[in-house]
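Since the structure comes first, as structure tokens, the remarks are kept for the end.
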Amino acid sequence: LMIYIFVFLLTGLLIYQSEYYKRKNKWVLGNIFAVLVILIVSIFAGIRDISVGTDVEYYVIKHFNWVALFPNQMWKYIIYLVTYDEVEPIYALVQYIGYSVFHSINFVLFMLSLITHIFIYLGLIKKAEQISISTAWLIYCFLFYNTTLNIVRQSCAVAIIFYMVMCILEEKISVKKYIILTVIALGFHRSSL
């Protein structure tokens, strides 16, 4: 529990620094701190024990091991997962890359967390003029971060939808971008529709 609190507070402090530098028009420094925040929480999710999260044990490990049945057959693997286990194709692609290129389930967990947290952060900064990003980040971490360790596919989809909603609220989304993001979200979990 203490390591979670430490990571949340550390990233909250770093995101506060990011906001501070961006207010001072030091965008490069602000963006470096923002990238550090996203990397820290994603690495933390990636290096966790694979017994953390029901979905990880049921879906992620199983699908990761199935890649071995399809050496150098990425499309057959993706089609197999989509038809046999009704799993979405972009998630299957992340699994295939994690196994084939990096040979690591932890890389898969890292990538899924990275995707989730990039979109959470992008959604939060859409409201930077109305809310404190560091406060919103801490609220997210304490309320929802642990959930992302369990429902990894849904978390990716929900984060993308969250970003889309923030864009819609700011009236800064084209139809093309909306369609692309919807397709990407659907590529992680069909419930995103």
Side-chain angles (χ1 to χ4, degrees), residues 1-24 26-61 90-91 94 98 104-170 172 181 184-185 187-189 191-192:
L1 179 63
M2 290 306 292
I3 187 75
Y4 285 93
I5 293 171
F6 173 75
V7 168
F8 297 164
L9 294 178
L10 173 64
T11 58
L13 179 64
L14 292 174
I15 215 161
Y16 177 80
Q17 286 298 118
S18 174
E19 284 182 272
Y20 172 78
Y21 286 121
K22 287 180 181 179
R23 280 193 306 273
K24 299 288 184 188
K26 295 182 179 180
W27 290 93
V28 173
L29 266 174
N31 288 332
I32 288 170
F33 278 98
V35 167
L36 281 174
V37 167
I38 294 167
L39 284 175
I40 288 169
V41 293
S42 300
I43 290 169
F44 187 60
I47 62 172
R48 73 183 187 267
D49 188 81
I50 58 174
S51 66
V52 175
T54 308
D55 273 10
V56 172
E57 290 189 54
Y58 183 76
Y59 285 110
V60 182
I61 295 170
I90 298 177
Y91 161 78
V94 171
S104 171
I105 187 110
N106 295 98
F107 177 80
V108 172
L109 296 172
F110 164 76
M111 283 304 298
L112 294 169
S113 182
L114 183 67
I115 292 162
T116 299
H117 292 104
I118 285 172
F119 282 102
I120 292 294
Y121 178 74
L122 291 175
L124 290 176
I125 62 172
K126 285 288 182 190
K127 290 293 188 180
E129 292 180 15
Q130 292 95 7
I131 62 170
S132 162
I133 304 303
S134 54
T135 302
W137 180 261
L138 285 172
I139 291 168
Y140 161 76
C141 284
F142 281 101
L143 292 179
F144 300 109
Y145 180 78
N146 285 344
T147 302
T148 69
L149 301 177
N150 184 34
I151 54 172
V152 293
R153 297 181 304 140
Q154 295 92 329
S155 295
C156 290
V158 166
I160 294 166
I161 298 299
F162 170 71
Y163 171 66
M164 288 172 52
V165 168
M166 293 300 110
C167 289
I168 291 167
L169 292 175
E170 293 292 309
K172 293 180 182 174
L181 288 171
I184 294 170
F188 285 103
H189 205 273
S191 68
S192 60

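For the single chain, residues carry numbers from 1 onward in sequence order.
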From [X] atom [atom1] to [Y] atom [atom2], the distance as rounded to the nearest 0.5 Å:
X: I15; Y: T135; atom1: CD1; atom2: OG1; result: 10.0 Å
X: L9; Y: F6; atom1: CG; atom2: CZ; result: 8.5 Å
X: S113; Y: I118; atom1: OG; atom2: CD1; result: 9.5 Å
X: S191; Y: I151; atom1: OG; atom2: CD1; result: 8.5 Å

Could you check whether any side-chain N or O of S18 sits under 3.5 Å from a backbone N or O of L14, counting only pairs where one atom can act as donor and the other as acceptor?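 Between the backbone of L14 and the side chain of S18 there is no qualifying donor-acceptor contact (under 3.5 Å).
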Donor-acceptor pair, Q17 side chain versus F33 backbone, under 3.5 Å?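 Side chain of Q17 to backbone of F33: no pair is present.
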Heavy atoms, side chains only, cut-off 4.5 Å: are [X] and [Y] in contact?
X: L124; Y: F162; value: yes
X: F44; Y: L10; value: no
X: M111; Y: V108; value: no
X: I50; Y: L109; value: yes
X: R48; Y: N106; value: no
X: V52; Y: V56; value: no
X: T148; Y: H117; value: yes

Grab the two heavy atoms, one from [X] and one from [Y], that are nearest each other, plus how far apart they are.
X: C167; Y: K126; answer: SG-CE, 3.5 Å
X: A185; Y: A157; answer: O-CB, 3.6 Å
X: Y91; Y: V60; answer: OH-CA, 3.4 Å
X: L181; Y: I160; answer: O-CG2, 3.5 Å
X: L122; Y: I125; answer: O-CG1, 3.3 Å
X: A136; Y: I131; answer: CB-CD1, 3.8 Å

Counting only heavy atoms not in [X], do more than 12 fall under 6.0 Å of its [atom1]?
X: F142; atom1: CZ; result: yes
X: E129; atom1: CD; result: no
X: Y20; atom1: OH; result: no
X: Y16; atom1: OH; result: no

Would you sort out whether I120 and W137 count as a side-chain contact (heavy atoms from CB on, under 4.5 Å), showing the intermediate values? CA-CA 9 Å; I120 292 294; W137 180 261; 4.0 Å; yes
Between I115 and F188, is a side-chain contact (heavy atoms from CB on, under 4.5 Å) present by the stated rule, with each step listed? CA-CA 10 Å; I115 292 162; F188 285 103; 3.6 Å; yes
The criterion is side chain to side chain donor-acceptor pair (under 3.5 Å); which residues satisfy it with Y163, sequence neighbours excluded?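 Once residues adjacent in sequence are excluded, the partners of Y163 under the side chain to side chain donor-acceptor pair (under 3.5 Å) criterion are K177.
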Output all residues satisfying side chain to side chain donor-acceptor pair (under 3.5 Å) with Y145, sequence neighbours left out; order by chain, then residue number.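 None.
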Please evaluate residues H189 and C156 with respect to the criterion side-chain contact (heavy atoms from CB on, under 4.5 Å), reporting the C-alpha separation (whole Å), side-chain torsions for both, the decisive distance (0.1 Å), and the verdict. CA-CA 8 Å; H189 205 273; C156 290; over 6 Å; no
Please step through side-chain contact (heavy atoms from CB on, under 4.5 Å) for the pair N146 and L149, ending with a clear verdict. CA-CA 5 Å; N146 285 344; L149 301 177; 3.9 Å; yes
Residues two or more places apart in sequence or in another chain: which of them pass ring-ring contact (aromatic ring centres under 6.0 Å, His included) with F110?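 Once residues adjacent in sequence are excluded, F110 has no partner under the ring-ring contact (aromatic ring centres under 6.0 Å, His included) criterion.
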Quick one: list whatever passes ring-ring contact (aromatic ring centres under 6.0 Å, His included) with Y121, sequence neighbours left out.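 Checked Y121 against ring-ring contact (aromatic ring centres under 6.0 Å, His included); zero matches.
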Quick test of your reading: applying side-chain hydrogen bond (donor to acceptor under 3.5 Å, both in side chains), list the pairs with at least one residue in residues 50-60, sequence neighbours left out, ordered by first then second residue.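 Matches after skipping sequence neighbours: D49-S51.
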K127: salt bridge (Lys or Arg N to Asp or Glu O under 4.0 Å) partners, not counting sequence neighbours: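 K127 satisfies salt bridge (Lys or Arg N to Asp or Glu O under 4.0 Å) with E170 once adjacent residues are dropped.
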